[in-house]
Amino acid sequence: MSSIYDTLNDMQKEAVFHTEGPLLILAGAGSGKTRVLTHRVAYLIEEKGVQPWNIMAITFTNKAAGEMKERVQNLVGFGSDQIWVSTFHSSCVRILRRYIDRLGYENHFTIYDTDDQKSLMKDVFKRLNVDTKVYKERNILAQISKAKNDFISPEQYAIDNQGDFSKKKVIECYKLYQEQLKNNNALDFDDLLVKTVELFENNKDVLEYYRERFKYIMVDEYQDTNTVQFKFISMLAKEHRNLCVVGDDDQSIYKFRGANIKNILNFESVFTDAHVIKLEQNYRSTQNILNAANEMIKNNTERKSKTLWTDRGDGEKITFKMVDFAQQEAEYVAESIKKYVENGKTFKECACLYRTNAQSRLLEEALMRKNIPYKIVGGINFYQRKEIKDILAYLKTVNNGVDDLAVRRIINVPKRGIGAASIDKIQEYADSRGISFYDAARDEKCLEYIGRSSAKVKSFVDLIQVLRTKNEFINVRELIDEITDVTGYVRELEAENTDESKERIANIEELLTKAVDYQLKAEKPSLNGFLEEVALVADIDSLDPESDYVVLMTVHSSKGLEFPNVYLCGMEDGLFPSYMSISSDDPLDIEEERRLCYVAITRAMDNLHISCAKQRMVRGEIQYGKMSRFLKEIPLELLDTGMKKAEPTEKRRVTRPTQASSARQIINSKAFEPRQFKVTKLTGLEYGEGDRVKHIKFGEGTVVSVAEGGRDFEVTVNFDKVGVKKMFASFAKLKKI
DNA sequence: CTCCTTTGTCTTTTT
DNA sequence: GACAAAGGAG
């Protein structure tokens with residue numbers, strides 16, 4: 001009898017069937033870990049009788065969560081919406097919305113992004129008379145973030161760094177920063193985790209509740225978890241101990257954000273009875289690409305040994321191109337993509353990866369010149385744009401009157417003649433009374449105190465009050481319309497009539513679309529819910545698999561993705577690896593860069609192009625770069641430098657650590673041609689489009705479409721009773737009737 | 001109070 | 001080279 005689990009290899013099966021107790025899955029790049037996770041969820045529900053709501057799966061991005069949800073849905077069908085599949089951050093928000101009042105916050109708290117944090121810190125600096133020549137907001141925030149990621153409170157931080165004079169200011173700032181956050185009823189990203197763990201520590205009943213609820217916990221990208229995140233999941237898993245973590249120590253690339261690689265390296269010593277499974281078979285890339293990745297990553301000392309192999313065959317060599325100027329590199333990439341597509345391929349198969357966001361500009365220009373559709377991920381996020389932040393600040397003000405940051409942002413946007421002097425006076429009044437900025441602005445006595453421009457402040461307050469009243473009756477989209485209309489925000493932009501202002505209007509319109517989307521999607525739409533969703537999206541979440549465009553992004557953003565045709569640009573010493581890591585006295589910094597490079601290489605399925613430029617502009621200065629040291633770690637036989645000097649005999653000397661016989665390679669390489677794939681597979685199904693079929697759970701229905709996906713068929717069926725469902729053919733066990 | 005010019009800083013990566 | 005902060009003129 002066949003089942004969905006037949007399509008898994010032995011190691012994957014072992015991981016899926018091992019359901020009880022701690023489990024560490026070391027999953028190399030492209031080894032099908034998402035398949036393992038989704039099948040494991042299916043197995044728990046279908047075979048072990050676990051209730052869907054007893055399962056929690058944590059991913060890193062919303063995109064990964066969404067994909068996982070969908071794939072689980074296809075496998076399980078029933079009750080899958082009861083499983084918690086979400087990111088660390090949104091899980092925490094969900095918990096905090098319910099219980100944060102126990103920590104003295106209000107449940108409709110706002111979430112501060114990096115820009116908000118900076119503004120708040122600026123304010124803290126002002127209050128503490130911090131010399132901005134000596135201290136930088138970013139730097140202090142980084143230190144605070146580090147403390148938070150290690151779950152160190154301001155009080156503890158003060159004790160730990162008592163004698164350290166250089167930390168004196170940081171201690172003060174951390175304390176006041178945290179107080180201000182609370183006054184504004186706001187949490188920053190790190191707080192979401194910290195406050196949840198705090199909540200668990202101080203409220204045993206809450207912890208008990210979630211422990212009972214999440215009997216089975218799975219964590220994806222485990223190598224990138226930090227100490228608080230580890231605390232969060234280990235607290236939850238303590239009772240039932242069914243904690244399954246999936247990760248790859250070679251892909252740990254978020255140390256700068258507090259990720260603790262020890263979480264994965266020491267998993268077995270913390271959970272002494274942990275079962276460990278290695279997934280080393282790669283289903284994504286050609287052997288040439290894997291060899292390059294393997295050879296390079298070997299140079300790292302801190303890792304669990306692991307060698308990826310595939311039975312896909314050697315494939316194409318990796319092309320390497322060195323040019324004189326960075327512009328030529330971009331030109332070369334664009335030209336190569338153009339040729340690639342002319343050969344019957346698509347744009348969306350291509351991705352350009354780079355170390356820093358700044359590199360995107362040249363590529364963008366080159367692609368534009370050649371009329372190649374593209375999308376840039378990262379850089380300036382949609383929600384970081386001025387006009388969007390302004391509108392959101394209005395929404396926040398309407399939603400949460402104590403978010404001083406939001407109120408101060410918009411009190412004079414668009415210009416109302418309320419200047420810095422008036423704002424300072426209101427703030428002064430608010431501080432002396434211990435009330436919020438907005439409440440001060442509403443106060444009659446405060447208006448008297450301001451003097452001249454008090455009428456303008458009054459009309460601003462009236463405006464907000466009207467919006468608040470209206471908010472009771474209208475939805476988010478209508479509220480945004482109301483705001484842009486009544487403030488004249490859009491009208492002002494229209495009058496400007498420049499390219500820039502037109503783009504801003506378009507962005508506001510896009511925000512409206514997003515509000516409508518939210519309205520339709522959310523179970524219980526609310527202003528608060530909208531703001532929350534908006535705060536937690538990452539740029540990568542917006543990647544649309546349907547649209548045909550080249551994707552441009554940093555290597556960091558590319559983690560977890562795969563593309564048939566990958567361009568790795570700017571492979572120069574000082575850029576990749578970064579100058580910071582080269583000049584660092586910690587040799588482990590360069591290892592992190594090497595892992596990053598490993599991630600980059602392993603994104604490629606069929607073709608990998610590496611390029612570098614001898615000269616490029618960085619920060620308005622010309623930099624002369626040498627070829628990246630990482631490139632020299634790739635065996636020369638794997639590279640095609642385009643100089644035709646490689647003799648054919650060299651081909652056979654390619655290191656091949658696997659047993660894959662050449663006969664098998666030929667068979668397999670053929671199997672990857674789409675046409676053949678279709679023919680062999682289609683004959684295996686007894687039903688097709690339009691046929692009536694029967695499903696064990698869903699009853700009878702009509703087949704809408706059959707699509708090939710991975711190693712299986714994805715069948716879409718419109719069931720008479722439950723509607724349209726997507727599922728895998730081998731699992732659905734549909735019977736033709 | 002606002003607009004314009006000058007000055008300084010930043011660049012590694014982001015939920 | 002871009003962008004924000006600061007300073008100066010109207």
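No experiment lies behind these values; they were computed from the predicted model shown. Numbers restart at 1 for each chain; the letters A, B, ... are given by sequence-line order, proteins then strands.
- Nearest nucleotide to the T61(A) side chain, out of dC1(B), dT2(B), dT15(B): dT15(B).
- Looking at heavy-atom distances under 4.0 Å, S581(A) makes no contact with the nucleic acid at all.
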### Message
Using the rule given for ring-ring contact (aromatic ring centres under 6.0 Å, His included), can you reason through F576(A) versus Y354(A), listing the C-alpha separation, both sets of side-chain angles and the distance that settles it, and then say yes or no?
### Response
CA-CA 8 Å; F576(A) 198 176; Y354(A) 36 78; over 10 Å; no
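- One donor-acceptor pair, N or O on each side, does fall under 3.5 Å between the base of dT13(B) and the side chain of R355(A).
- A salt bridge (charged side-chain N to carboxylate O under 4.0 Å, His left out) with D116(A) is found for exactly one of R409(A), K122(A), K396(A), namely K396(A).
- Nearest nucleotide to the N357(A) side chain, out of dT15(B), dT13(B), dC1(B): dT13(B).
- dT9(B) atom P lies 14 Å from atom CZ of R138(A), rounded to whole Å.
- Salt bridge status for D224(A) with R257(A): absent, with no side-chain N to carboxylate O gap under 4.0 Å.
- Among the nucleotides dC10(B), dT2(B), dT14(B), the one closest to the side chain of K136(A) is dC10(B).
- No cation-pi contact links K614(A) to F325(A), judged by a cut-off of 6.0 Å to the six-membered ring centre and 45° from its axis.
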### Query
Given F232(A) and F230(A), is the ring-ring contact (aromatic ring centres under 6.0 Å, His included) satisfied, shown in steps?
CA-CA 5 Å; F232(A) 173 70; F230(A) 175 74; over 10 Å; no
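- Bounding nucleotides for the chain A contact on DNA chain C, 5' to 3', at a heavy-atom distance below 4.0 Å, are dG1(C) to dA5(C).
- A cation-pi geometry, defined here as NZ or CZ lying under 6.0 Å from the six-membered ring centre and within 45° of its normal, holds between K182(A) and Y105(A).
- In secondary-structure terms, DNA chain B builds stems of at least 3 consecutive Watson-Crick or G-U pairs, each pair having both distances under 3.5 Å, at B:1-10 with C:1-10.
- Residues K386(A) and R361(A) both approach DNA chain C. Their nearest nucleotides, taken by heavy-atom distance, put R361(A) toward the 5′ side.
- Checking dC1(B), dT14(B), dC10(B) against the side-chain heavy atoms of R619(A) singles out dC10(B) as nearest.
- R504(A) forms no cation-pi arrangement with Y489(A), by the criterion of a distance under 6.0 Å to the ring centre and an angle within 45° of the ring axis.
- In this structure, F256(A) forms an aromatic stack with the base of dT13(B), since both conditions hold: centre separation below 5.5 Å and plane angle below 30°.
- With dC3(B), dT14(B), dT11(B) as the candidates, the nucleotide lying closest to the side chain of K415(A) is dC3(B).
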